[in-house]
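Take a look at the structure set out below.
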Amino acid sequence: MQKTLVLLKPDAVQRGLVGELVSRLERKGLKLVGMKLVRMDDALARQHYAEHVDKPFFKGLAEFITSGPLVAMAIEGEDAICMVRTLMGETNPANAAPGTVRGDYAVSIGLNLVHGSDSPESAQRELALFFKEDEILEYDRATDPWIIES
C-alpha cells in the first residue's frame with residue numbers, strides 16, 4: 001500500500017468541486033486516510049513548492065495557492081501515486097484527456113484544481129508538511145467489510 005498527498009486547490013474549493021473530486025478518488029478504490037481544510041501561508045507555499053522557488057512562475061503560483069482555503073488529503077491505495085496522477089490528468093488542461101479531473105474541470109495551467117505527489121519521496125515529504133503523524137489513520141484492509149477482492 002502506498003500513501004500520497006492530494007491537494008484540492010483554492011479553485012476547486014471555490015467552485016464547489018470538493019465532493020466530486022473526493023468521489024472520483026474513492027470510486028477508483030483509493031482510501032481517504034486523512035483530510036483537512038487549510039489555508040496555506042507563504043512559508044508553507046515555499047516549503048511545498050521548494051523546487052520552484054527560483055522559477056519565474058513561482059510568484060503567481062504562491063499568490064494563487066495562498067489565495068483561499070484548500071483541502072489536503074492523505075490518500076492510500078495500491079500504486080496510489082500513479083493512480084492519483086492518472087486521475088488528475090495532464091497539468092495543462094488543454095492536453096488533459098476527457099474523464100480526468102483536469103480534462104473535465106480545469107480552465108488553465110494555473111487554475112488546474114489539484115496537486116498530487118509525483119514520487120514516494122515527494123509523498124512522504126509533502127504529507128509531513130500537512131499532517132502530523134497521528135492525523136493519518138491506519139487503514140486495515142483485513143477488517144474493512146466493504147472491500148471486494150478481485
Taking every non-hydrogen atom, the tightest pair across R15 and Y105: NH1-O, 2.7 Å

Test log, rule side chain to side chain contact (heavy atoms under 4.5 Å, CB included), inputs R125 and L129: CA-CA 7 Å; R125 181 184 70 80; L129 291 174; 3.8 Å; yes

Answer with yes or no whether the hydrophobic clustering places L17 together with L25; edges join I, L, V, M, F, W, Y residues whose side-chain heavy atoms lie under 4.5 Å apart. yes

For the atom pair CD (E135) and CG (L137), what is the distance rounded to the nearest 0.5 Å? 10.0 Å

Compare every heavy atom of M88 with every heavy atom of H115, then report the nearest pair and how far apart it is. C-SD, 3.7 Å

The single option from V22, V84, L127 passing side chain to side chain contact (heavy atoms under 4.5 Å, CB included) against M73: V22

Of all heavy-atom pairs linking V101 and R24, the shortest is N-NH1, 3.6 Å

Taking atom NZ of K55 as the centre, report whether more than 12 heavy atoms of other residues, nucleotides or ligands fall under 6.0 Å from it. yes

Could you label the plane-to-plane angle of the H52 and F57 rings as parallel, tilted or perpendicular, counting under 30° as parallel and over 60° as perpendicular? tilted

Treating E126 as the side-chain partner and L5 as the backbone partner, does any N or O pair qualify as donor plus acceptor under 3.5 Å? no

Just wondering, more than 12 heavy atoms not from E133 lying within 6.0 Å of its CD? no

Could you tell me whether D134 atom CG has more than 12 heavy atoms of other residues or ligands within 6.0 Å of it? yes

Counting N and O atoms only, with roles assigned by atom type, does the side chain of R102 sit under 3.5 Å from a partner on the main chain of L113, one being a donor and the other an acceptor? no

Straight-line distance of R39 CZ to S67 OG, nearest 0.5 Å: 7.0 Å

Does the side chain of K28 reach to within under 4.5 Å of the side chain of M83, using non-hydrogen atoms? yes

If Ile, Leu, Val, Met, Phe, Trp and Tyr residues are connected whenever their side-chain heavy atoms lie under 4.5 Å apart, and connections chain through other members, are V114 and L111 in the same group? no

K9 side, atom NZ; L21 side, atom CG - distance, nearest 0.5 Å: 12.0 Å

Nearest 0.5 angstrom please: L8 CG to L37 CG, how far? 10.0 Å

Any donor-acceptor pair under 3.5 Å linking the side chain of K3 with the backbone of I136? no

How about T66 and D41: do any of their side-chain heavy atoms sit closer than 4.5 Å? no

Answer with yes or no whether the hydrophobic clustering places M1 together with L32; edges join I, L, V, M, F, W, Y residues whose side-chain heavy atoms lie under 4.5 Å apart. no

Taking side-chain hydrogen bond (donor to acceptor under 3.5 Å, both in side chains) as the definition, give me every residue that meets it alongside S122, ordered by chain and number, with sequence neighbours left out. D118, S119

Checking T100 side chain against A96 main chain: does a donor-acceptor pair fall under 3.5 Å? no

Hydrophobic cluster membership, Y49 vs V71, 4.5 Å side-chain cutoff: no

Gap separating the CD1 atom of I75 from the CG atom of L30, nearest 0.5 angstrom: 6.5 Å

Of all heavy-atom pairs between V13 and P69, which one has the smallest distance, and what is that distance? CG2-O, 3.5 Å

Hphob cluster co-occupancy, V53 + L7, side-chain heavy atoms under 4.5 angstrom: yes

Checking the side chain of D104 only, and the main-chain atoms of G99 only, is there a donor and an acceptor separated by less than 3.5 Å? yes

Shortest non-hydrogen contact from P10 to F64? CG-O, 3.6 Å

Do side-chain atoms of Q124 reach the backbone of E121 as a donor and acceptor pair under 3.5 angstrom? no

To the closest 0.5 Å, what do you measure between OG1 (T4) and CG (D79)? 10.5 Å

Check S117 against I81 and note the closest heavy-atom contact, atom names and distance. O-CG2, 3.3 Å

